[in-house]
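Predicted model only: the values in this text are computed from it and were never measured. Keep in mind that the numbers below use all heavy atoms, side chains included, and drop hydrogens, waters and symmetry copies.
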Amino acid sequence: MGQVTIYLEKEIEERMIAAAKAANLSKSKWIARIIEERVANEWPESIAELAGAWQDFPAIEEIRAGSGKDSKRANL
């Protein structure tokens, strides 16, 4: 298992400690979970199983039909 050293500003460290404590995790485990979430390449299986679950969900064309026209954007 690899190790990583990070340097945090005091305020960020305090907020991280509070978040880890609220999650009942050590600082190391809390940080590891955040990293795991950020580098995940796939949707969780529970989300993937939802594909097609709403048979009556409108198509994108139906959703956008009542949106009207976009406003002209200013040139930058």
Over all heavy atoms of both residues, which pair between [X] and [Y] is shortest? Give the atoms and the distance, please.
X     : Y     : result
Trp30 : Ala23 : CD1-CB, 4.2 Å
Ser26 : Ala20 : O-CB, 4.0 Å
Leu8  : Glu13 : CD1-CA, 4.0 Å

Linked, directly or transitively: Ile47 and Trp54 (ILVMFWY side chains, under 4.5 Å): no

hydrophobic_cluster_shared for Ile63 and Leu50, side chain cutoff 4.5 Å: no

Reported CD1-to-CD distance for the pair Ile31 and Glu36, which is rounded to 0.5 angstrom: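 The distance works out to 12.5 Å.
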
Exam field: side chain Glu37 to backbone Ile34, donor-acceptor pair closer than 3.5 Å: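 The answer is no, because no donor-acceptor pair under 3.5 Å joins these two groups.
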
Contact check, side chains of Arg15 and Ile12, non-hydrogen atoms, under 4.5 Å: yes

